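What follows is a set of notes on a single structure, which appears directly below.
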Amino acid sequence: MAIQKVGVAGCGLMGSGIAQTAAQAGFTVVVREVSDDLLKKGLATIEKNLNRLVEKGSLGAPDRDRVMGRVKGTTEIEELADCDIVIEAIVEQLQPKIEFFAQLDRLCPKTAIFASNTSSLSITELSAATRRPDRFLGLHFFNPVPVMKLVEVVRTIATDSAAYEETVAFAGKLGKTPVRTGDRTGFIVNRLLVPYLLDAIRVLQDGLASTVDIDNSMKLGCGYPMGPLTLLDFVGLDTTYYIANVMFDEFREPRFAPPALLKRMVLAGWHGRKSGRGFYDYADPKNPKPVPLTF
Ligand code: CAA
Ligand code: NAD
């Protein structure tokens, strides 16, 4: 069965990017949010990104309108019922994801493929909330989705090979490079990336260097496109905190333990760029200022 209609759950940082990418690749897309306001915000992000492409001349205005026309926003989960694949990109917490998939499972035909964009939760555990573990897998995109070329395609011990191969091919049709991996928390990229990001917070927490100097060190010394503290703000400190907790729970290694400073920042509501404040203040988003930290 060829995938034609794509459902996306969540229109935040990742869901909006996944919906945009699928629509640009020619798929019909339904994206579901929990409130009209959040849906409006997510769709506005897609429109803004497409407009940027028009301004740069890499997309014609009629094409932008056609892409936007392929994206339907909704707050009703029932609208996902006739999608060939549903990609879940909601908050990185087990219970909301389980509730979402259990409800979706009752609405969709057995043939539909369910995929989670989770960064760290167990795909097997999520699949157990449904009656289709054979058509359940991980499809892990990277932020910003329209730009980053990689997708990790994650299979569990129960994933059917035909459904897996179909999803690998689908990732290719999105213009991404799929890599194959199994269901261990963090898959490939976060297994390597998360300890590095947490170490950067520990370096700051230990008073070894300033926010800007830590970021410049990795940018200018190692050629990374963003310093680790800028990247943490970009990913979301809340999301990183959830990921670190899940990874620590699985591996029980100190390198995955969330540093106290990260926890305090999340408790204070400092979620990074999306909330306006993290390691940097984004009052002027084009010119972020390091936040002086006293702890
Ligand atoms: N959405 C869509 N497109 C965007 C974008 C966004 N949020 N931000 C930038 N872009 C596009 C720009 O339009 C531009 O496109 P063109 O090349 O066609 O002109 C291109 O990206 C480069 O942008 P800029 O010139 O403005 O800025 P830059 O050169 O600094 O690149 C970046 C921006 C691509 C984000 C780059 O800084 C980068 O690669 N950063 C690292 C990102 C990263 O590591 N992502 C992975 C995070 S971990 C993860 O996602 C997994 C997890 O589970 C947590
Ligand atoms: P986000 O907070 O920006 O967006 C999540 C959105 O999901 C919110 O807008 C929320 O209202 C919505 N939502 C919550 N419950 C919902 C439901 N039942 N149905 C529909 N929408 C619902 O978070 P994000 O950064 O986009 O992360 C989403 C997922 O993607 C997480 O699992 C995260 O680990 C993963 N991920 C994040 C990144 C990243 O860099 N931020 C990268 C790769 C994967």
Side-chain angles (χ1 to χ4, degrees), residues 7-21 24 30-43 45-46 48-59 73-77 79-80 86-104 115-121 123 126 138-152 185-194 196-197 215 218-219 223-228 230-247 271-275 285-286:
V8 180
C11 199
L13 224 48
M14 297 303 288
S16 61
I18 296 167
Q20 178 189 330
T21 301
Q24 280 186 269
V30 182
V31 58
R32 189 242 178 170
E33 252 299 342
V34 287
S35 75
D36 286 326
D37 281 353
L38 288 165
L39 182 62
K40 234 163 104 184
K41 193 171 158 213
L43 293 175
T45 301
I46 298 176
K48 195 177 93 193
N49 278 338
L50 293 174
N51 282 336
R52 198 160 52 183
L53 296 178
V54 173
E55 280 157 25
K56 282 192 307 205
S58 47
L59 186 77
T74 182
T75 54
E76 306 294 329
I77 191 170
E79 300 250 10
L80 299 174
V86 177
I87 305 165
E88 167 276 314
I90 73 172
V91 61
E92 185 70 348
Q93 290 182 31
L94 186 62
Q95 211 45 44
K97 287 194 195 283
I98 281 185
E99 280 164 23
F100 169 75
F101 278 120
Q103 203 183 346
L104 189 70
S116 176
N117 184 50
T118 181
S119 303
S120 59
L121 293 164
I123 303 297
L126 296 176
L139 205 49
H140 187 220
F141 292 83
F142 293 83
N143 182 19
V145 180
V147 179
M148 305 312 276
K149 285 284 172 218
L150 189 76
V151 178
E152 292 175 314
T185 181
F187 318 125
I188 305 167
V189 171
N190 283 338
R191 178 86 168 255
L192 301 175
L193 178 68
V194 170
Y196 155 70
L197 295 178
D215 274 350
M218 297 313 289
K219 262 172 67 177
Y224 285 26
M226 282 176 169
T230 300
L231 182 55
L232 279 154
D233 276 357
F234 188 61
V235 165
L237 300 188
D238 52 340
T239 303
T240 308
Y241 180 60
Y242 298 137
I243 295 171
N245 276 312
V246 175
M247 295 188 80
H271 292 178
R273 186 180 276 267
K274 65 184 170 187
S275 73
K286 287 202 172 9

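Only this structure's heavy atoms are used, side chains among them; waters, hydrogens and symmetry mates stay out. Predicted model only: the values in this text are computed from it and were never measured. Whatever order the structure lists them in is the order used to number ligands and atoms, beginning at 1.
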Identify, for atom 21 (O) of ligand 1, the protein heavy atom at the shortest distance, and state residue, atom and that distance.
V147 CG2, 3.4 Å
Please write down residue, atom name and distance for the protein heavy atom closest to atom 2 (O) of ligand 2.
K274 NZ, 3.5 Å
Just need the protein heavy atom nearest to atom 11 (O) of ligand 2, so name the residue and atom and give the distance.
E33 OE1, 2.9 Å
List the closest protein heavy-atom neighbour of atom 14 (C) of ligand 2: residue, atom name, distance to the nearest 0.1 Å.
I90 CB, 3.8 Å
Can you report which non-hydrogen protein atom sits closest to atom 49 (C) of ligand 1, along with the distance?
F142 CD2, 3.5 Å
For the residue pair Q103 / E99, report whether a side-chain donor-acceptor contact shorter than 3.5 Å exists.
no
Ligand 1 atoms nearer than 4.0 angstrom to some heavy atom of N49 are 1 (N), 2 (C)
Protein contact to atom 52 (C) of ligand 1 [nearest heavy atom, distance to 0.1 Å]
N190 ND2, 3.5 Å
Among protein heavy atoms, which lies nearest atom 5 (C) of ligand 1, and at what distance?
R52 NH2, 3.1 Å
Heavy-atom distance to atom 35 (C) of ligand 2: which of T75, L39, N117 wins?
N117
Numbered atoms of ligand 1 (with element) below 4.0 Å of M226, judged on heavy atoms
35 (C), 37 (O), 40 (N), 41 (C)
Note the single closest protein heavy atom to atom 46 (C) of ligand 1, along with its residue, its atom name and the distance in Å.
N143 O, 3.5 Å
Where does L38 meet ligand 2, judged by heavy-atom distances below 4.0 Å: at the side chain, the backbone, both, or neither?
side chain
G10, S120, S275, G42: member with heavy atom nearest to atom 21 (N) of ligand 2
G10
Of the protein's non-hydrogen atoms, which lies at the shortest distance from atom 7 (N) of ligand 1, and what is that distance?
P144 CB, 3.6 Å
K97: numbered ligand 2 atoms lying under 4.0 Å from its heavy atoms
31 (C), 32 (O)
Identify the closest protein heavy atom to atom 16 (P) of ligand 1: which residue and atom is it, and at what distance?
K56 NZ, 3.1 Å
Out of curiosity, is A89 lining ligand 2, as in a heavy atom under 4.0 Å away?
yes
Mark up the atoms of ligand 1 that fall under 4.0 Å of a heavy atom belonging to P225, in ascending order.
36 (C), 37 (O), 38 (C), 39 (O), 40 (N), 41 (C)
